[in-house]
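Worksheet for the structure shown next.
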Amino acid sequence: MKIKSVFVIIFFLVFSFFSCATTEKVQSQEQPETQAEPEVKPLELKKKKSVADEIIVRDIYSNDEYPLSRIVNHGIVFIELSASWCKACPEMKATTTKLLGYFEGKVSFVRLYQLSDIQEDKEYRDVIPEMAVVSSPDALALEKTEAMPRVVVLSDSASEISADITGVYPILYYYGLLSDL
């Protein structure tokens, strides 16, 4: 019987201890309504600079310089680099024009020339914007391209390079590339 009494006493002590601790915890969670809440300031997020922001182009008609992001719809960007001395470039221009028909409104198309080789292509100028490349990120070095034609595709939001292709490939290659994005 003594063991039972000791057990009951211990039980009541433990029960009393936990019930008091719980009561204090509940009371401490209740705060007076007069206490002012700390002022929360909105976070200022810096917009990540996209690749299109880092490519500086010159309008071949007005000579104005600005980032490529100014003329592209912040989606997928298809950049075709062309040159007057490139024998395969006319074929690439025709391919790019066909792709524009398939992806109009979903992909921004632009044709870039090097500053030393600006040409006005009257056949395509109303279809695809034509610019001269002034500068670009070192990873691209668009202004120093020697192998033509070259196609660079920027991912959705023009934030990163999805493809960098030199040469002419069948239209289905480019179609598949753009469809996957």
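Atoms considered below: every heavy atom in the structure, side chains included; atoms not considered: hydrogens, waters and symmetry mates. Computed from a predicted structure; not experimentally measured.
- Note that CG of D59 and OH of Y66 are 4.0 Å apart. Values are rounded to the nearest 0.5 Å.
- Y102 and Y175 have perpendicular rings, their planes meeting at more than 60° on a 0 to 90° scale where under 30° would count as parallel.
- Listed here is the closest heavy atom pair of L140 and R150: O-NH2, 2.9 Å.
- Under the 3.5 Å distance criterion, with hydrogens and angles disregarded, a donor-acceptor pair is assigned to the side chains of S136 and E143.
- In this structure, I79 and L68 have side chains that are in contact, with non-hydrogen atoms separated by less than 4.5 Å.
- For the pair I76 and F103, the minimum side-chain heavy-atom distance is 4.5 Å or more.
- Within 6.0 Å of atom CD in E104, 12 or fewer heavy atoms from other residues, nucleotides or ligands are found, so the atom counts as exposed in its surroundings.
- Heavy-atom minimum distance, V153 versus L178: CG1-CD2, 4.0 Å.
- Once rounded to the nearest 0.5 Å, the distance linking OG1 of T145 with CG of L112 reads 9.5 Å.
- Rounding to the nearest 0.5 angstrom, the gap separating the OH atom in Y61 from the CE atom in M131 is 8.5 Å.
- For the atom pair M92 CE and R111 CZ, the distance stands at 8.5 Å (nearest 0.5 Å).
- For the residue pair K144 and Q114, the shortest heavy atom distance occurs at C-NE2, 3.7 Å.
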(request) Using the side chain to side chain contact (heavy atoms under 4.5 Å, CB included) rule, take Y173 and I165 through it: C-alpha gap first, then chi angles, then the decisive distance, then the call. (result) CA-CA 11 Å; Y173 178 81; I165 308 157; 3.6 Å; yes
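- Rounded to the nearest 0.5 angstrom, T96 OG1 and E80 CD are separated by 3.5 Å.
- Here the straight-line distance linking atom CG of D164 with atom CG of L154 works out to 9.5 Å at 0.5 Å rounding.
- Considering every non-hydrogen atom in both L115 and V134, the closest pair reads CD1-CA, 4.1 Å.
- Shown here for I56 and P67, the closest heavy-atom pair between the two residues is CD1-CA, 4.0 Å.
- When all heavy atoms of G167 and Y174 are compared, the closest pair comes out as O-OH, 3.2 Å.
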